[in-house]
A.B. asks: 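Please read through the structure below; I'll follow up with questions.
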Amino acid sequence: MSGAREQVARLLALVPYIQARREVSLEQAARDFGVKPAQIVKDLNVLWFCGLPGLGMGDLIDVDMEALEEGGVIRVSNADYLSRPLRLDSSEASALIVALRALREGSDDDVRPIVDRTLGKLEAAAGDGAALAAQVDVRLPQQAVRVGELADRLRGAVDERRQVRLDYYVPTRDESTERVVDPLRVVTADGKTYLDAYCHLAEDQRLFRLDRISTAEVLDTPVDRHAGLQPRDLADGIFQPSTEDLLVTLDLDPDARWVAEYYPVETTQERRGGGLRVTLRVGDPAWITRLMLRLGASARLVDAPELAGTVREVARQALAHYA
């Protein structure tokens with residue numbers, strides 16, 4: 001058995017392995033990679049369709065399958081670019097350096113020395129890219145406790161009916177806010193852990209993802225009484241549309257029909273050419289803006305002209321960064 005992950009790792013190693021030897025027998029390659037010869041043949045058949053982006057069929061990696069059938073010897077050609085050292089321009093190098101610095105900020109103590117060594121080598125070789133990356137200040141929210149420990153603390157606040165002061169990161173506004181909440185319960189849904197609570201800042205019930213909470217202080221203040229407030233039923237998913245949310249109509253091209261399957265829509269109407277018109281509730285205008293940018297020319301806002309104007313302006317600002 002060979003899973004997709006193992007095969008990708010083997011393919012990445014297989015070409016330079018053969019290039020270094022010019023040719024190698026099928027049996028030897030199978031022994032060196034710890035798989036059966038039939039698996040190596042399957043891998044070689046995949047290589048037929050590999051190459052650099054933008055190249056045509058004549059530019060893909062070529063495997064001498066005839067020689068393999070006759071004498072059991074593997075040869076590859078048209079893959080010299082894989083033996084050349086990787087070269088990054090200044091923007092690529094600076095982006096990689098910034099990403100490594102961000103990784104270092106969130107790493108454990110045993111991982112940081114490895115990242116530091118990698119950063120040192122990359123910065124020494126990057127030149128202008130390192131200078132550009134030095135202008136970027138990387139600061140990540142410091143998670144005071146792990147999610148599991150935080151969940152235990154918040155469950156204690158629920159049991160003791162105590163208010164909690166949170167520092168919470170809001171990704172749609174890219175900001176951290178401090179708020180006092182009355183916790184109702186800690187719940188897991190869609191692979192994430194949430195605090196279901198009444199938020200005094202929003203003056204409404206909210207869900208808070210625990211991995212976005214940087215600090216949580218359990219207060220001595222007892223929770224307020226909220227008539228009729230009950231823990232949310234998340235059986236139908238995290239997002240549950242409200243009649244108070246904005247109703248938006250979208251025209252979707254055939255390649256964007258997945259929106260109707262992935263998100264809760266209220267109505268669907270078939271359109272000529274395989275398209276679809278859908279209506280859906282939107283609780284946060286920033287969400288529909290991100291969705292429209294993701295869909296690009298495959299979707300159009302039929303109504304909500306103020307949202308359409310926002311989408312156009314955000315797209316214009318994004319394109320300006322590429323100028």
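Everything numeric in this text was worked out from a predicted model, so none of it was measured. As a basis for the values below, the full set of heavy atoms in this structure was taken, side chains included, without hydrogen atoms, waters or symmetry mates.
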A.B. asks: Should the heavy atoms of other residues, nucleotides or ligands under 6.0 Å from CD of Glu203 be counted, would the total exceed 12?
C.D. replies: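 No, CD of Glu203 has 12 or fewer neighbouring heavy atoms, counting only those of other groups under 6.0 Å.
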A.B. asks: Check Tyr168 against Leu207 and note the closest heavy-atom contact, atom names and distance.
C.D. replies: OH-O, 4.2 Å
A.B. asks: Give me the other members of the hydrophobic cluster that Val180 sits in, counting Ile, Leu, Val, Met, Phe, Trp and Tyr linked by side-chain heavy atoms under 4.5 Å, directly or via other members.
C.D. replies: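 Members besides Val180, by chain and number: Leu219.
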A.B. asks: Closest approach of Pro183 and Gln163, non-hydrogen atoms and distance?
C.D. replies: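 Scanning both residues completely, I find the closest heavy atoms to be CD-CA, 4.2 Å.
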A.B. asks: Could you check whether atom CZ of Arg294 has more than 12 heavy atoms from other residues, nucleotides or ligands sitting under 6.0 Å from it?
C.D. replies: no
A.B. asks: Taking ring-ring contact (aromatic ring centres under 6.0 Å, His included) as the definition, give me every residue that meets it alongside Tyr198, ordered by chain and number, with sequence neighbours left out.
C.D. replies: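 If we apply the ring-ring contact (aromatic ring centres under 6.0 Å, His included) test to Tyr198, skipping adjacent residues, the hits are His200, His226.
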A.B. asks: For Arg206 and Ala197, indicate whether the former's side chain and the latter's backbone hold a donor-acceptor pair under 3.5 Å.
C.D. replies: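 Judged by distance alone, no pair lies under 3.5 Å.
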A.B. asks: Taking atom types as modelled, find out whether Thr279 and Thr267 have a side-chain donor-acceptor pair closer than 3.5 angstrom.
C.D. replies: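 Distance-only check passes for Thr279 and Thr267.
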A.B. asks: How about Thr249 and Asp303: does a side-chain donor come under 3.5 Å of a side-chain acceptor?
C.D. replies: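 Result is yes, a qualifying pair exists.
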A.B. asks: Check whether Trp258 and Val248 end up in the same hydrophobic cluster, where Ile, Leu, Val, Met, Phe, Trp and Tyr are linked by side-chain heavy atoms less than 4.5 Å apart.
C.D. replies: yes
A.B. asks: Within this structure, what is the CG-OG distance for the pair Asp167 and Ser214, rounded to the nearest 0.5 Å?
C.D. replies: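 The distance works out to 4.0 Å.
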A.B. asks: Below 3.5 Å, can you tabulate the donor-acceptor pairs from side chains in residues 154-162 to any protein atom, sequence neighbours excluded?
C.D. replies:
residue : atom : partner : partner atom : Å
Arg155  : NH1  : Asp152  : OD1          : 3.2
Arg162  : NH1  : Asp220  : O            : 2.4

A.B. asks: Quick check: closest heavy atoms across Ala297 and Asp253, and the distance to 0.1 Å?
C.D. replies: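 What the structure gives for the nearest pair is O-OD2, 3.4 Å.
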A.B. asks: Kindly say whether Ala202 contributes a backbone atom to a donor-acceptor pair with the side chain of Arg179 at under 3.5 angstrom?
C.D. replies: no
